[in-house]
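Heads up: the structure comes next, in structure tokens.
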Amino acid sequence: MANVSVYNIEGKEVGKIDLSDAVFGVEVNEHLVHMAVVSRLANNRQGTQKAKTRSEVSGGGRKPWRQKGTGHARQGSTRAPQWTGGGVVFAPVPRDYSFKMNKREKRAALKSALTSRVEENKFIVIDEINFEEAKTKNFANILKSLDVSKALVVLEDDNKNAELSARNIADVKTAKTNTINVYDILKYNTVITTKAVVAKIEEVYA
């Protein structure tokens with residue numbers, strides 16, 4: 001069972017916490033992690049690109065000149081692809097790029113991502129983050145004391161002040177236990193969370 005240090009908001013170590021092997025100590029499955037990232041990026045694509053084929057552009061109903069005897073190459077329509085204003089060959093059409101992963105694959109990929117962050121010593125646990133008011137400086141001081149810049153911060157559902165305090169800091173993103181995903185875990189250099197959130201993650205994903 002892995003254990004990590006617990007810090008306070010001043011960046012001082014105040015104890016240790018054991019992490020469940022069922023969530024933070026699994027065998028890392030790089031294939032599923034890759035699938036989860038590709039799925040996330042693919043699902044974000046709008047797929048709204050569209051161009052008209054020769055059957056969709058207006059005009060071109062009349063043959064521009066007779067078939068033979070003009071010295072020109074034979075042409076059937078001024079809206080063929082080789083003409084200015086003509087249709088596009090193999091034109092792109094709206095499509096859905098998304099693909100699904102089943103529930104077990106998603107959970108396994110998330111556990112693998114969390115495990116990799118623990119193994120890399122990039123998983124930081126704070127005893128609690130409670131602010132009386134939403135102030136960016138408060139959260140910036142925590143990051144400075146922990147010597148962290150680019151971070152994913154996983155907070156409790158009702159921790160509104162901490163969420164608002166971190167919102168305007170560049171390269172910092174907040175998430176909740178039900179919104180964390182593999183892409184964000186890998187995108188940000190460090191995962192910061194609290195003891196309460198660790199317990200919640202273990203309860204949900206173990």
Side-chain angles (χ1 to χ4, degrees), residues 1-26 28 32-33 36-37 39-41 43-44 101 103 105-206:
M1 180 177 289
N3 65 78
V4 295
S5 299
V6 178
Y7 300 90
N8 59 20
I9 58 175
E10 284 81 31
K12 297 178 181 178
E13 185 175 342
V14 294
K16 297 277 189 179
I17 184 174
D18 292 327
L19 301 177
S20 171
D21 287 340
V23 179
F24 299 98
V26 302
V28 177
L32 288 181
V33 171
V37 172
S39 174
R40 171 81 175 191
L41 295 175
N43 294 349
N44 285 345
M101 293 177 64
K103 189 174 181 179
E105 289 175 332
K106 288 180 181 179
R107 292 171 71 95
L110 183 63
K111 292 178 184 179
S112 293
L114 290 171
T115 298
S116 67
R117 280 293 178 247
V118 172
E119 292 176 349
E120 296 164 359
N121 294 321
K122 294 181 178 179
F123 188 85
I124 298 177
V125 179
I126 298 177
D127 54 355
E128 60 178 0
I129 304 176
N130 289 321
F131 297 146
E132 294 182 359
E133 58 179 342
K135 201 169 184 179
T136 302
K137 186 177 180 180
N138 292 338
F139 212 98
N141 289 336
I142 294 179
L143 298 176
K144 185 177 180 180
S145 63
L146 295 172
D147 193 23
V148 173
S149 55
K150 190 174 183 180
L152 173 68
V153 183
V154 187
L155 300 169
E156 299 93 334
D157 294 345
D158 57 350
N159 201 339
K160 195 66 176 178
N161 284 341
E163 183 179 350
L164 293 174
S165 298
R167 186 169 59 179
N168 288 334
I169 302 177
D171 292 329
V172 171
K173 180 177 181 178
T174 59
K176 299 177 182 178
T177 52
N178 61 340
T179 63
I180 55 175
N181 59 81
V182 175
Y183 177 78
D184 286 339
I185 292 172
L186 299 182
K187 177 181 178 181
Y188 293 89
N189 296 337
T190 308
V191 177
I192 299 175
T193 187
T194 64
K195 291 173 64 176
V197 171
V198 170
K200 183 69 174 179
I201 291 174
E202 291 178 346
E203 178 186 344
V204 173
Y205 295 103

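This chain uses plain numbering: 1 for the first residue, then up along the sequence.
- Annotation: side chain of F24 is in contact with side chain of I201 (closest heavy-atom distance under 4.5 Å).
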L143 vs I192, test: side-chain contact (heavy atoms from CB on, under 4.5 Å). Steps then yes/no. CA-CA 9 Å; L143 298 176; I192 299 175; 3.8 Å; yes
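- The line from CG of D158 to NZ of K176 is 8.5 Å long, rounded to the nearest 0.5 Å.
- Every residue meeting the salt bridge (charged side-chain N to carboxylate O under 4.0 Å, His left out) condition with D184, not counting sequence neighbours, appears here in chain and number order: K173.
- For E13, the salt bridge (charged side-chain N to carboxylate O under 4.0 Å, His left out) partners two or more places apart in sequence, or in a different chain, are K16.
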Full working for side-chain contact (heavy atoms from CB on, under 4.5 Å) between V191 and V154: CA-CA 7 Å; V191 177; V154 187; 4.3 Å; yes
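- Once rounded to the nearest 0.5 Å, the distance linking CG of L114 with CD1 of I180 reads 5.5 Å.
- Here the straight-line distance linking atom CG of L152 with atom CG of N181 works out to 8.0 Å at 0.5 Å rounding.
- Within the structure, the ring-ring contact (aromatic ring centres under 6.0 Å, His included) test picks out no pair touching residues 140-178 (sequence neighbours left out).
- Side-chain atoms of L19 and N3, non-hydrogen and from C-beta on, never get closer than 4.5 Å to each other.
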Evaluate S149 against D171 for side-chain contact (heavy atoms from CB on, under 4.5 Å), listing each step before the verdict. CA-CA 7 Å; S149 55; D171 292 329; 6.0 Å; no
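- Taking the side chain as every heavy atom from C-beta outward, Y7 and L146 approach each other to under 4.5 Å.
- Of the inter-residue distances, the one linking T174 atom OG1 with K160 atom NZ reads 8.5 Å to the nearest 0.5 angstrom.
- Under the rule for a salt bridge (charged side-chain N to carboxylate O under 4.0 Å, His left out), R40 has no partner lying at least two apart in sequence or in another chain.
- Judged purely by atom type and a 3.5 angstrom limit, S145 uses its side chain to pair as donor or acceptor with the backbone of N141.
- Annotation: ring-ring contact (aromatic ring centres under 6.0 Å, His included) contacts involving residues 151-174, sequence neighbours excluded, are absent.
- Here the closest non-hydrogen pair linking A109 and V33 is O-CG2, 3.9 Å.
- The shortest side-chain heavy-atom distance between D21 and V26 does not fall under the 4.5 Å cut-off.
- When the salt bridge (charged side-chain N to carboxylate O under 4.0 Å, His left out) test is applied to K144, no partner is found at least two apart in sequence or on another chain.
- Residues forming a side chain to side chain contact (heavy atoms under 4.5 Å, CB included) with S39 (at least two apart in sequence, or on another chain): N43, F99, M101.
- S165 contributes no side-chain N or O that, together with a main-chain N or O of T136, makes up a donor-acceptor pair within less than 3.5 Å.
- The side chain to side chain contact (heavy atoms under 4.5 Å, CB included) check on A140 picks up I169, with sequence neighbours excluded.
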Tabulate below the donor-acceptor pairs under 3.5 Å that side-chain atoms of residues 118-134 make, not counting sequence neighbours, or state none.
from, atom 1, to, atom 2, distance (Å)
E120, OE1, R117, NH1, 2.5
E128, OE1, N130, ND2, 3.1

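- Pairs of residues two or more places apart, or lying in two chains, that qualify as side-chain hydrogen bond (donor to acceptor under 3.5 Å, both in side chains) and include a residue from residues 193-206 are E156-T194.
- Around CG of N44, the count of heavy atoms belonging to other residues, nucleotides or ligands within 6.0 Å exceeds 12.
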Kindly determine whether Y183 and L41 satisfy side-chain contact (heavy atoms from CB on, under 4.5 Å), including the steps that lead there. CA-CA 8 Å; Y183 177 78; L41 295 175; 3.6 Å; yes
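- The only member of V197, V204, L155 that meets side-chain contact (heavy atoms from CB on, under 4.5 Å) when paired with T177 is V197.
- A donor-acceptor contact shorter than 3.5 Å is absent between the side chain of S5 and the backbone of G15.
- For A108, the side chain to side chain contact (heavy atoms under 4.5 Å, CB included) test picks out L32, with sequence neighbours left out.
- Taking all atoms of both residues into account, the shortest heavy-atom contact from V28 to S116 is CG2-N, 4.3 Å.
- Distance check, rounded to the nearest 0.5 Å: CZ of F139 to CD1 of I9 gives 10.5 Å.
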